[in-house]
Amino acid sequence: MTSGPAKPINVLQYESLAREKLSQEVYEFVAGGAEEEVTLRENRAALQRIQLRPRVLVDVSHIDASTTVLGERVALPVLLAPAGGQQLLHPDGELASARAAAAAGTIAVLSTTSSYSIEEVAEAADGPKWFQLYIFSREIAADLVQRAEAAGYAAICLTVDSPRLGRRERPLRDGQPFFPPIVPKNLLGFDLRSIQHNPAVTWHDVDWLRSLTSLPIVLKGIMTAEDACLAVEHGVLAIVVSNHGGRQLDGVPATIDVLPEVVEAVEGRAEVLLDGGVRRGTDVLKALALGARAVLIGRPYLYALAVDGEPGVRHVLGLLSDELETAMALLGCPSLDHLGRGSIRRPSID
Ligand SMILES: Cc1cc2nc3c(=O)[nH]c(=O)nc-3n(C[C@H](O)[C@H](O)[C@H](O)COP(=O)(O)O)c2cc1C
């Protein structure tokens, strides 16, 4: 009997397996952040600095890690973040990750730069899905939004932290910054390399988007109380506190450190989600204790997709779910609504 590589026992182990499997430039493209990667490291470090305050002698014989996000029931408060070009990692790309999200009872967010089309992913996976939008131009955006609406996507997630691409210095090929070749089968039906991020997108475009669709609008990439307030004023129903996994502006804080000011500013008028550095069930609990409705993961499921396709992504969601349920029991929280500021301690602040 041959024994294959041991199955990862946590999400972090998928990274080293993916590294062995992927070409160096593709691995570095996924793993890397902008410039000196201060923000990339800080996302994890800040989560690790937060401590948990367990309550004991609570009946935790039934643990319920489900919640709702924009009215949709999810089995666990962990969504799949949008990430472009997943065929680079596995031939099934976004089809596999959307199927895994559906199997786990959660939401997949499809990137504008997906390898598969809006309709192909809708056909492949019947779970709830959001469509992530970059407004390259209003003409292209209007077409994508209409297609997403027709294909049954439940929300439009506009990414607002990318007026231009961050300076990612890690993936080099022949001394030049490596940007993965866009696979032929892309969502827009033409070569994305001819498309530029649009530096002229403003709040007017958020209003325009709202006039275009009745789907809820989610803004991804909010990092200040000021912008969170503006988002609410512009009718946005959910905010993702995100620094794009440290891939855009290096030197911004960890998302977990920004979360409290955003939650406070929003005053319950929109749902607040978070991504960046979430690798453990306890990270999920920390974010929820500070007011997030749910979190999104990026690299963890991309590494698992590279290693094992759809089963890999399912496994990552299963590992996080198991860790989350164990942590809830040990924290004395039978359901997510038991979580609050009293569940955590921030040694430098509290
Ligand atoms: C390889 C890769 C591709 C990404 N592509 C997109 C994208 O197309 N649109 C987007 O809004 N965010 C994109 N992101 C950012 C993720 O949605 C998410 O914000 C980030 O990965 C979360 O941090 P984490 O990787 O530490 O979990 C990408 C991230 C990675 C690693």
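We use all heavy atoms of the structure for the numbers below, so side chains are in, but hydrogens, waters and symmetry mates are not. Order of listing sets the numbers, starting from 1, for every ligand and every atom in it.
On a distance-only criterion, Gly298 and ligand 1 share at least one N/O pair closer than 3.5 Å. Considering backbone and side-chain atoms alike, Asp275 places an N or O below 3.5 Å from some N or O of ligand 1. Residue contacts with ligand 1: Gly84 is placed with a nitrogen or oxygen under 3.5 Å of a nitrogen or oxygen of the ligand (distance criterion only).
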Residue pair Asp92, Arg99: steps toward the salt bridge (Lys or Arg N to Asp or Glu O under 4.0 Å) verdict: CA-CA 10 Å; Asp92 298 339; Arg99 284 187 188 123; 5.1 Å; no
Intermediate values then yes/no, side chain to side chain contact (heavy atoms under 4.5 Å, CB included), Leu296 and Leu80: CA-CA 5 Å; Leu296 299 85; Leu80 298 189; over 6 Å; no
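Listed by number with element, the atoms of ligand 1 under 4.0 Å from a non-hydrogen atom of Gly276 are 22 (C), 23 (O), 26 (O). Per-residue contacts place Thr159 under 4.0 angstrom from the following atoms of ligand 1 (heavy atoms of the residue considered): 10 (C), 11 (O). Below 4.0 Å from some heavy atom of Tyr134 lie the following atoms of ligand 1, by number and element: 7 (C), 8 (O), 9 (N), 10 (C), 11 (O). Heavy-atom proximity to Thr113, at under 4.0 Å, picks out these atoms of ligand 1: 8 (O). Remark: ligand 1 atoms within the under-4.0 Å shell around heavy atoms of Ala81 are 16 (C), 17 (O), 18 (C).
Counting heavy atoms closer than 4.0 Å to ligand 1, residue Gln132 contributes side-chain atoms (C-beta onward) but none from N, CA, C or O. At a heavy-atom cutoff of 4.0 Å, ligand 1 is contacted by the side chain of Ser242 but not by its backbone. By the criterion of a heavy-atom distance under 4.0 Å, both the backbone and the side chain of Pro82 are placed next to ligand 1. The proximity of Arg279 to ligand 1, defined as any non-hydrogen pair under 4.0 Å, is limited to the side chain.
Closest to atom 8 (O) of ligand 1 among all protein heavy atoms lies Ser111 OG, 2.7 Å. Among protein heavy atoms, the minimum distance from atom 12 (N) of ligand 1 is reached at Lys220 NZ, 3.0 Å. In this structure, the protein non-hydrogen atom closest to atom 3 (C) of ligand 1 is Ala83 CB, 3.7 Å. In this structure, the protein non-hydrogen atom closest to atom 15 (C) of ligand 1 is His244 CD2, 3.5 Å.
Under the 3.5 Å distance criterion, the side-chain polar atoms of Glu310 are left unmatched by any main-chain donor or acceptor of Ala96. Distance alone, capped at 3.5 Å, is enough to place a donor-acceptor pair between the Lys286 side chain and the Ile50 backbone. With hydrogens and angles ignored, the 3.5 Å screen pairs no side-chain donor or acceptor of Ser114 with any backbone N or O of Leu110. Checking side-chain atoms of Asp161 against main-chain N and O of Asn243 turns up no donor-acceptor pair under 3.5 Å. Side-chain atoms of Asn43 come within 3.5 Å of backbone atoms of Thr255 as a donor-acceptor pair (strictly under, hydrogens ignored).
With contacts defined as side-chain heavy-atom distances shorter than 4.5 Å, the pair Glu28/Arg19 qualifies. Taking the side chain as every heavy atom from C-beta outward, Val241 and Leu273 never approach each other to under 4.5 Å.
Here Asp205 does not pair with Arg210 in a salt bridge; the nearest charged N to carboxylate O distance is not below 4.0 Å.
Comparing Gln248, Arg247, Arg299 by heavy-atom distance to atom 30 (C) of ligand 1, the nearest is Arg247.
The CZ atom of Phe29 sits 9.5 Å away from the CG atom of Leu302 when rounded to the nearest 0.5 Å.
Judged by the shortest distance from any of its heavy atoms, Val30 lies inside the 4.0 Å radius around the atoms of ligand 1.
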